Amino acid sequence: MREDTTLRPVQTSANGYLCKNFNGMSAEHLSEQEQLRRNTLNQIREAGIDPYPPEAVEVTHTAAGITAGFDDSSEERLSVAVAGRLMGKRIMGKASFAELHDHTGRIQLYFNRDEICPGDDKWKYNDFFKKMIDRGDFISVKGFVFKTQVGEISIHVEEFTLLGKSIKPLPFPKTDEEGKTYDAFTDPEQRYRQRYVDLVINREVRDTFVKRTKVIDTMRRFFNEAGYLEVETPILQPIPGGATARPFETHHNALNMPLYLRIANELYLKRLIVGGFDGVYEFARNFRNEGMDRTHNPEFTIMEIYVAYKDYKWMMEFTENMLERVVTAVNDKPEVRIGDNTISMKAPYRRLTMTDAIKEYTGVDITGMDEAALRNACKDLGIETDPSMGKGKLIDEIFGEKCEGNLIQPTFITDYPIEMSPLCKKHRDNPELTERFELIINGKEIANAYTELNDPIDQRERFEEQLKLSQKGDDEAMFIDHDFLRALEYGMPPTSGLGIGIDRLVMLITGNASIQEVLFFPQMRPEKKAVMAGPADFVAIGVPEAWAEHVIAAGFNNVENLRKEKPTAVHQKLNGFRKKNKLDVPTLQLDEVEAWMA
RNA sequence: GAUUCCGUAGCUCAGCUGGUAGAGCAAUACACUUUUAAUGUAUGGGUCCUGGGUUCGAGCCCCAGCGGGAUCACCA
């Protein structure tokens, strides 16, 4: 095997962006089936039919609408026009059955030769329909609704049109009478990389995403009804604030300065509260330059809302009412089933302070413990610690290890240690705690909320604490945002803020264990492929069409590879190859070969 | 980042101790007027992930790499 056929990343441009020409003609080896479909495409064109016609298509009914609304007893014929993707064909001589999928579901089509072709010319059925229409093609049909002998509501086709030819065969899973599925399209890599195929083949995947949108719609409606304003804030930020995480860095050319993709939008939303809005919220795409796994994607969505003149106690009620409504909207009842657990999302949810949670699950009362005592407690509980951990971190460790996973039913955990929460107001009863809650469902954090810190002096001190952590080597500690401090100095009303991880919430509601299942296009490593040329690439540089495939057969896998050699060597090699294999193509002249090298 | 498993036809997968690359579905051709995993007969289809090594001989053994899954660590 030649050195230049080795794998290399698809992306090769200087800026590192994906730039591969995915046009199969030039870059990919075509399977037999793909080649056949291309041939079919040509035959269709030769027959004078445009396989990709431009006209808008008349659609009067949907698949689901027809099956739901068909009245068997009616004498009157229901005429329909539907469009969609052909998902299967069963040919039986002069009659055929086919399956059409539209955005609402599937409907069976019945084709009869003598009705498609009333005259003597049976081309449209025998050749066009039977041989040139493939699974995967988009077609539209006109006809009337009827019920087959087997009892399936179907469309008796009187007329059909090809709308968009498919030249790559789709996977073909099948389900038998017992509901057993064969050849399922299940490989996660392929499903995520080619989500369009996943959506076509695995219908239930579509439902997950419809639910996702429903979750967001319902939340938006809930906030709007309460009178709060949906806003947009910068994604490109000079200071990536509002959370502790490593940001993605980019560069603005005109300003010649670094910019960061936001890790959170919190500080901007609070500026808007300073500006006098009563309540603002944003469904924000955030970016964090950290590990990827089944619960983390580099970009993800958090809904954040800030409401003036409220505290975290009010926010708990607001949150549980909202979630009850969201889950009811999606699942028709305030319930989520996860494995063997049924989770009731009906408000109100249990409230438990962090101290009480630890007492409940470990028997240890951490009230009044200093750092050394907490470290001992960790040791007794078999929790590993390291010297850099402060009081807050130690408490958080105990909670994370011993409590969080046990909290299946929705539970508000309140009153977090102050070290963990640099943007949160000190607790009204205990200066070591903050007015913060997290909502834990099914052992996982779903929401995080504060009574927001609006004391500018306190906020500045908290930022400085973070700066110290940063100098100690914590690369996730927060930056100081001086403009945000200036905003607070002008005065911010008491405010409560809530953040909900939308991806995680959708995972919970749809019962998916991985974030990749609730993102249309989860981040993946770049696809790698051997760079192989097709005949078209060689034709493009002037190689005669008759020669193109032989050039490849002679060992030139791509144009670059051929141009590396001297024209004389290529000339001799190819003519030698022609002679050896007795090819029926004209011999090459040296000046011809030289012309390819330009 | 660590551990571990996996990568074979368009899809799902088998492949023995290292000895000519297999099945079902899909495709192609023919038959068939109410099927529904349609059926019957026939045919074609392979970069065994990539590169290197051992060997007379590698899908299989060894090394390295790439990609993916699972578990763990960090994080939301």
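These numbers come from a predicted model, not from an experiment. In the text below, chain A, chain B and the rest are named by the order of the sequence lines, each starting its count at 1.
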Exercise. Under 4.0 Å between any heavy atoms, over every strand shown, what does A:Asn286 touch: base, sugar-phosphate, or nothing? Just pick one.
Key: nothing

Exercise. Write down the distance separating the C1' atoms in B:A21 and B:A9, rounded off to the nearest Å.
Key: 10 Å

Practice problem: Compare every heavy atom of A:Arg436 with every heavy atom of A:Ser421, then report the nearest pair and how far apart it is. | Solution: OG-NH1, 2.8 Å

Listing time: all N or O pairs from protein to nucleotides 28-33 of chain B that are below 3.5 Å?
unit_1 : atom_1 : unit_2   : atom_2 : d
B:C32  : N3     : A:Gly93  : N      : 3.1
B:C32  : N4     : A:Gly93  : N      : 3.4
B:U33  : OP2    : A:Lys94  : N      : 3.4
B:U33  : O2     : A:Asn112 : ND2    : 3.4
B:U33  : O4     : A:Lys94  : NZ     : 3.4

Practice problem: Sequence neighbours left out, what passes salt bridge (charged side-chain N to carboxylate O under 4.0 Å, His left out) with A:Asp187? Give chain and number order. | Solution: none

Quiz item: Paired with B:C25 by Watson-Crick or G-U wobble geometry, both distances under 3.5 Å: which nucleotide is it?
Solution: B:G10

Quiz item: Quick one: A:Asn265 CG to B:A76 P, roughly how many Å, whole number?
Solution: 15 Å

Practice problem: Write down the distance between CZ (A:Arg135) and P (B:A38), rounded to a whole number of angstrom. | Solution: 10 Å

Practice problem: To the nearest Å, give me how far apart CG (A:Leu86) and P (B:A26) are. | Solution: 14 Å

Practice problem: Nearest whole angstrom, please: distance from the P of B:A76 to the CD of A:Glu438. | Solution: 9 Å

Self-check item: Centroid separation A:Tyr260 to A:Phe248 less than 6.0 Å
Solution: no

Exercise. Report yes or no: does A:Arg288 contribute a side-chain atom to a donor-acceptor pair with the main-chain N or O of A:Ile263 at less than 3.5 Å?
Key: yes

Exercise. Tell me, please, which residues at least two apart from A:Ser166 pass side-chain hydrogen bond (donor to acceptor under 3.5 Å, both in side chains).
Key: A:Arg37

Practice problem: Could you work out the separation of B:C66 and B:C74 based on their P atoms and round it to a whole Å? | Solution: 25 Å

Practice problem: Just name whichever nucleotide pairs with B:G1, Watson-Crick or G-U, keeping both distances under 3.5 Å, else none. | Solution: B:C72

Quiz item: What's the CD1-P distance between A:Ile383 and B:A73, to the nearest Å?
Solution: 13 Å

Exercise. Decide, yes or no, whether a salt bridge links A:Arg38 with A:Glu34 under the criterion of side-chain N to carboxylate O below 4.0 Å.
Key: no

Quiz item: A:Arg90 side chain N/O closer than 4.0 Å to the phosphate oxygens (OP1, OP2) of B:A38?
Solution: yes

Exercise. Select base, sugar-phosphate, or nothing to describe what A:Asn289 touches, counting heavy atoms under 4.0 Å on all strands.
Key: nothing

Self-check item: Watson-Crick or G-U wobble mate for B:U50, both contacts under 3.5 Å
Solution: B:A64

Quiz prompt | Length of the CD-P vector between A:Gln35 and B:G45, whole Å | solution = 14 Å

Quiz prompt | Proximal nucleotide (of B:G69, B:A38, B:G67) relative to the A:Arg193 side chain | solution = B:G67

Quiz item: Does A:Arg294 have a side-chain nitrogen or oxygen under 4.0 Å from the phosphate oxygens OP1 or OP2 of B:G69?
Solution: no

Exercise. Please measure how far the P atom in B:A37 lies from the corresponding atom in B:G18, and state the result in whole Å.
Key: 43 Å

Quiz prompt | Atom-to-atom span, CZ of A:Arg191 to C1' of B:G67 - whole angstrom | solution = 17 Å

Quiz prompt | Spacing between A:Arg246 atom CZ and B:A76 atom P, to the nearest angstrom | solution = 12 Å

Practice problem: Please tell me which of the listed nucleotides, B:U35, B:A76, B:A38, lies nearest to the side chain of A:Thr148? | Solution: B:U35

Practice problem: Please determine which of A:Ile239, A:Thr233, A:Leu267 meets the side chain to side chain contact (heavy atoms under 4.5 Å, CB included) test together with A:Arg262. | Solution: A:Thr233

Exercise. Consider the side chain of A:Pro188, meaning its heavy atoms from C-beta on, and name the nucleotide among B:A76, B:G69, B:U35 that approaches it most closely.
Key: B:G69

Quiz item: NA contact type, A:Phe111, heavy-atom cut-off 4.0 Å: base, sugar-phosphate, or nothing?
Solution: nothing

Quiz item: Looking at the side chain of A:Phe300, which of B:A76, B:G68, B:G69 is the nearest nucleotide?
Solution: B:A76

Exercise. Using the six-membered ring wherever Trp is involved, compare the ring planes of A:Phe437 and A:Tyr312 and label them parallel, tilted or perpendicular (cut-offs 30° and 60°).
Key: parallel

Quiz item: Between A:Tyr110 and A:Asn112, do the side chains contain an N or O donor and an N or O acceptor separated by less than 3.5 Å?
Solution: yes

Self-check item: Aromatic plane relationship, A:Phe160 with A:Phe129 - under 30° parallel, 30 to 60° tilted, over 60° perpendicular
Solution: perpendicular

Practice problem: Sticking with atom P, work out how far B:G57 lies from B:G19, rounded to a whole angstrom. | Solution: 14 Å

Quiz item: Which nucleotides of nucleotides 4-12 of chain B have their base under 4.0 Å from a protein heavy atom (B), which only their sugar-phosphate (S), and which neither (-), written as one string 5' to 3'?
Solution: ------BBB

Exercise. Not counting sequence neighbours, which residues clear side chain to side chain contact (heavy atoms under 4.5 Å, CB included) with A:Phe144? List them please.
Key: A:Arg77, A:Phe146, A:His156, A:Glu158

Quiz item: Taking a pair as Watson-Crick or G-U wobble with both distances under 3.5 Å, which nucleotide is matched to B:U20?
Solution: none

Self-check item: Set of residues satisfying salt bridge (charged side-chain N to carboxylate O under 4.0 Å, His left out) with respect to A:Glu99, sequence neighbours excluded
Solution: A:Arg90, A:Arg106

Self-check item: P atoms of B:U20 and B:C48, separation to the nearest Å
Solution: 16 Å

Quiz prompt | Counter-base of B:A31, judged by Watson-Crick or G-U geometry with both distances under 3.5 Å | solution = B:U39

Practice problem: Determine the Euclidean distance between corresponding C1' atoms of B:G59 and B:U17; express it in Å to zero decimal places. | Solution: 15 Å

Quiz prompt | Euclidean distance for C1', B:A64 against B:G10 (whole angstrom) | solution = 31 Å

Quiz item: In whole Å, what separates the P atom of B:G67 from that of B:G22?
Solution: 33 Å

Quiz item: Which part of the nucleic acid, if any, lies within contact of A:Lys122, taking any heavy atom under 4.0 Å across all strands shown: a base, the sugar-phosphate backbone alone, or nothing?
Solution: nothing

